[in-house]
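Accompanying notes for the structure given below.
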Amino acid sequence: MEINIPMPDDFNYKRTVRSHGWYELLPFELDEERWTLTRVLEVGEGQPVTARINAGNRAINVSVPRRLTKRAVERITRDVRHIFRLDDDMKDFYEAVGSDADFDWIPKQGAGRLLRSPTVFEDLVKSICTTNCSWALTDKMVTGLVKNLGRESEDGRRSFPTPEAMAEAPSEFYREEVRAGYRAPYFKELAERVASGELDVESWATSDLPTDKLKREMKRVKGVGDYAAENLLKLVGRYDVMALDSWVRAKYARMHNNGRAAKDKKIERHYSRFNSWRGLALWCDMTRDWME
DNA sequence: GCGTCCAGGTCTACC
DNA sequence: GGTAGACCTGGACGC
């Protein structure tokens, strides 16, 4: 069956899909020729469903291989809206960057929506998987989690594991199968805290806490330091943080500092005129050439 | 084939 | 609050 979800006029499907590396990590898969984004989604009690997503003229088209209940359709619609941030109001951001010659391409192209997972838990686990390793190892760790602990859809693909499924797996599994190394106990502990209800990470998406307090909360999770917390803050819609990592520092050096390393303070100053949008302006600047 | 470095960093102990 | 050293993995690189 097909589900059509209206999209805002300023929404750029391709820019959003390739807004950062998440589209390369299971349970996302991108067909770069057809621009079909495949994603295994949970629909509640029943078996997960493999959704094939593409963009039409005015709506996002979601194709699923079986007829779903009204409740399941509502859940998929909610997830797709969340993943592509269709409800984000980009007006203020576009106004902030639109009058700057180096950034006016952003509103013109409809960039700035960062692809995210259906749950904060998944974004959090994946953020930990990006720390202190190559992208190839991040991919390997996420693949290990999904293939071993995810629930199977009808075509054999798997969903992202729930906190409960991750809590049941022993620490050795994370070390030996997922190849998570020193992160192994962090995954186990995080999953147990979330599954037991002690830690509600989904509330971070709608939290009223100021950014610095929310960041402190996030950093109480083992394995989450400044970079991972700030990356996650961007994914929950807080753009007054930079999330500087070695990739951004190297890219900034190439783009704006004649190939020489720049101090973090200097990078922050470069985008400070965008105030609460500085983190998003930075990321758009760094990834401008991804679609050129 | 082997050793070293480091990648989309974080934790702990110590000052 | 700031910093040094340890920490898993695996690909790239030099020898």
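None of these values were measured; they are calculated from a predicted model. Note on naming: letters A, B, ... go to the chains in the order of the sequence lines (proteins, then strands), and numbering restarts at 1 for each one.
Nucleic acid contact for A:Ser134: base, since at least one base atom lies under 4.0 Å from a heavy atom of the residue. Counting any heavy atom pair closer than 4.0 Å across all strands shown, A:Ala250 reaches no nucleic acid atom. At a threshold of 4.0 angstrom between heavy atoms, the contacts of A:Arg175 are confined to the sugar-phosphate backbone, with no base atom among them. Among the protein residues, A:Val224 comes within range of the sugar-phosphate backbone only, with heavy atoms under 4.0 Å from sugar or phosphate atoms but none that close to a base.
Atom pair A:Ile128:CD1 and B:dT10:P shows a separation of 9 Å (rounding to whole Å applied). For A:Met141 and C:dG10, the CE to P distance is 9 Å, given to the nearest whole Å. Computed from coordinates, the A:Leu233 CG to B:dG8 P distance equals 21 Å when rounded to whole Å. Rounded to an integer number of Å, the gap from CG of A:Leu244 to P of B:dG8 is 14 Å.
In this structure B:dG8 sits in no base pair that meets the Watson-Crick or G-U test at under 3.5 Å. Using N1 to N3 plus N6-O4 or O6-N4 for Watson-Crick, or N1-O2 and O6-N3 for G-U wobble, each under 3.5 Å, C:dC8 pairs with nothing.
Using a 4.0 Å cut-off between a side-chain N of Lys or Arg and a carboxylate O of Asp or Glu, A:Arg238 and A:Asp212 do not qualify as a salt bridge. Ionic pairing of A:Arg78 and A:Asp87 is not present here: no N-O contact between side-chain nitrogen and carboxylate oxygen is shorter than 4.0 angstrom. A salt bridge links A:Asp155 with A:Arg157; the closest basic N to acidic carboxylate O contact falls under 4.0 Å.
Closest to the side chain of A:Arg179, from the set B:dC11, B:dA7, C:dT9, is C:dT9.
Stacking of the aromatic ring of A:Trp135 onto the base of B:dG8 is found: the ring centres lie under 5.5 Å apart and the planes are inclined by under 30°.
In this model, a side-chain donor or acceptor of A:Tyr227 finds a partner on the base of B:dG8 within 3.5 Å.
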> Under the salt bridge (charged side-chain N to carboxylate O under 4.0 Å, His left out) criterion, do A:Asp226 and A:Lys215 qualify, and how do the steps go?
Replying inline: CA-CA 8 Å; A:Asp226 283 326; A:Lys215 181 179 168 183; 3.2 Å; yes

